[in-house]
2 protein chains.
Amino acid sequence: MQKKELIYEGKAKRIYSTDQEACLLMEYKDSLTAFNALKKGQFLGKGELNCKISTLIFAELKKNGVNHHWLETSSGNEMLVQKTTIIPLEVVVRNIMAGSLAKKLGRTEGEVLKQPLVEFYYKDDHLADPFVSDDQITAMGWTDQATLDYLKKEALRINHVLQNMFLKAGLKLVDFKTEFGRNVKSEIILSDEISPDCMRLWDVKTNKKMDKDRFRQDLGEVEESYLEVYERLQKGVS
Amino acid sequence: MQKKELIYEGKAKRIYSTDQEACLLMEYKDSLTAFNALKKGQFLGKGELNCKISTLIFAELKKNGVNHHWLETSSGNEMLVQKTTIIPLEVVVRNIMAGSLAKKLGRTEGEVLKQPLVEFYYKDDHLADPFVSDDQITAMGWTDQATLDYLKKEALRINHVLQNMFLKAGLKLVDFKTEFGRNVKSEIILSDEISPDCMRLWDVKTNKKMDKDRFRQDLGEVEESYLEVYERLQKGVS
């Protein structure tokens, strides 16, 4: 497979076309951003770490029958993925109250939810990705309720696999954000990285934050935490 | 029916107990507030006008089989209503894009929605009544999906009656906000005023705003518009 043109550059990834029409190359960058890119940082090797963590996760999801865009990890910070047309919704799954939801509802971080919660945010940087309801999405004609129901079901299935995987690594999956897209066969598949950049992971015993909140909240040891997540996951799956 | 103790005072209403356990007296105030009461105003007779407009609307809803808390209008700015336990959700129905939704989604005010949209906002002044999805509401245990489905169905039914009623008065119903509660028989009924304070009404021909947006946006003629809404509705129903 040959890397060809850069076709998209996001906050933490670059996407290249390849010599195969249905296949893209995803390059993980070392940059870190938060608060809709108002806060910026980076550390050397972050891209590679996130690519490795995503690889472990994609492999585990595959083993559990979850359809996703990952094909293979081609080098340190690069993976080959299926080309998809992204559904413009950020899909968030929450198991424990934290972040924007805790703030919005005036709740304490750490409260375990009665049931996992799926939320949709409309992907638009200019609008700061607003939170939207199913009814708003269908009234705006962005997609239909059947698709939303499918996204929720898949998101909860992924959540279940991830919760078990992280628990073996001594980590609580607090929440995560992902995206879905339609591949060339029009199948809806998971089409985003899954890494500590887009999830909250707390140590099971100490509740120590092991994810991008360390960067967001200036807690230090960002690099060390990402590395530890990778090492713990690697042990967990080996 | 005798007015007894003041049991609640809101931004635009006072609620009194009466000598009948299941019955309350609702007094409409002359005050006007906007932006979660950051902006304050009033005009003499506003309470009475809103009480009269609400009365016309409640009568029309009753004629159309909508169950609500209104019993009778006892004097100029006072009505007798059934006592209910309020479900802590503001229920908003939108037919045309305007206000906070237009801002949130970066859309132009005036765009007609593909279908009427029902939204829920969690009633909490300290949190500025945040917008919440069905899944957030059920995950927080505030109520169940069956109740939300019932609220939506009722809200759309009310919307349909109001749209027809206002159209006869030469007014487009852009959107409205209301609340529901459970009465002593545990029936879920409409339990809020319906007046230009909590809806957007535009003249069918000129799109002139005839509601609280005149106050919110300093457009002037607030009093004249409320009066015109009342007079047009009165003609429409007579």
Side-chain angles (χ1 to χ4, degrees), chain A residues 36 88-109 111-145 148-156 159 174-175, chain B residues 36 88-109 111-145 148-156 159 174-175:
Chain A
N36 204 17
L89 295 172
E90 296 196 341
V91 182
V92 169
V93 183
R94 300 181 185 273
N95 298 302
I96 296 174
M97 182 64 80
S100 64
L101 186 66
K103 199 175 162 192
K104 172 169 118 164
L105 301 183
R107 294 293 179 127
T108 314
E109 196 171 81
E111 182 189 334
V112 177
L113 298 177
K114 278 186 2 156
Q115 66 212 40
L117 166 65
V118 183
E119 298 172 339
F120 298 118
Y121 293 80
Y122 181 55
K123 267 176 72 77
D124 189 321
D125 280 345
H126 295 296
L127 301 172
D129 304 328
F131 171 66
V132 284
S133 66
D134 294 23
D135 291 326
Q136 286 180 339
I137 294 167
T138 54
M140 296 308 294
W142 294 328
T143 193
D144 55 19
Q145 189 60 48
L148 294 181
D149 290 342
Y150 182 77
L151 293 181
K152 285 188 203 180
K153 218 181 75 187
E154 277 299 279
L156 290 174
N159 181 53
V174 175
D175 53 37
Chain B
N36 204 18
L89 295 172
E90 295 196 343
V91 182
V92 168
V93 183
R94 300 181 185 272
N95 298 302
I96 297 174
M97 183 66 78
S100 63
L101 187 65
K103 199 174 162 195
K104 173 170 116 164
L105 302 183
R107 295 293 177 129
T108 313
E109 195 171 83
E111 182 189 335
V112 177
L113 298 177
K114 280 188 357 156
Q115 65 212 38
L117 166 64
V118 183
E119 298 172 338
F120 298 118
Y121 293 80
Y122 181 55
K123 268 176 71 76
D124 188 321
D125 281 344
H126 294 295
L127 302 172
D129 304 327
F131 171 64
V132 285
S133 67
D134 294 23
D135 291 326
Q136 286 180 338
I137 293 167
T138 54
M140 296 307 296
W142 294 328
T143 192
D144 56 18
Q145 189 60 49
L148 295 180
D149 290 342
Y150 182 78
L151 294 181
K152 285 188 203 180
K153 219 181 75 188
E154 277 300 281
L156 290 173
N159 181 52
V174 175
D175 53 37

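Just so it is clear, the structure is predicted and the values come from calculations on it, not from any experiment. Protein chains get the first letters and strands the later ones, always in sequence-line order, with residue 1 at the start of each.
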Candidate pair A:Thr138 and B:Gln115, rule side chain to side chain contact (heavy atoms under 4.5 Å, CB included), full reasoning: CA-CA 9 Å; A:Thr138 54; B:Gln115 65 212 38; 3.8 Å; yes
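- Checked against side-chain contact (heavy atoms from CB on, under 4.5 Å), A:Lys104 has the following partners two or more places apart in sequence or in another chain: A:Leu101, A:Phe131, B:Pro130, B:Val132, B:Gln136.
- In plain terms, the two heavy atoms of A:Lys152 and B:Asp135 that are nearest each other are NZ-OD2, 2.7 Å.
- Contacts with chain B were tallied for A:Leu113, A:Leu105, A:Val118; A:Leu105 has the most, counting heavy-atom pairs under 4.5 Å.
- Interface residue A:Arg107: only side-chain heavy atoms are found under 4.5 Å from chain B.
- Heavy-atom pairs under 4.5 Å with chain B peak, among A:Tyr122, A:Trp142, A:Phe120, at A:Trp142.
- Under the side-chain hydrogen bond (donor to acceptor under 3.5 Å, both in side chains) criterion, B:Asn36 pairs with no residue, sequence neighbours left out.
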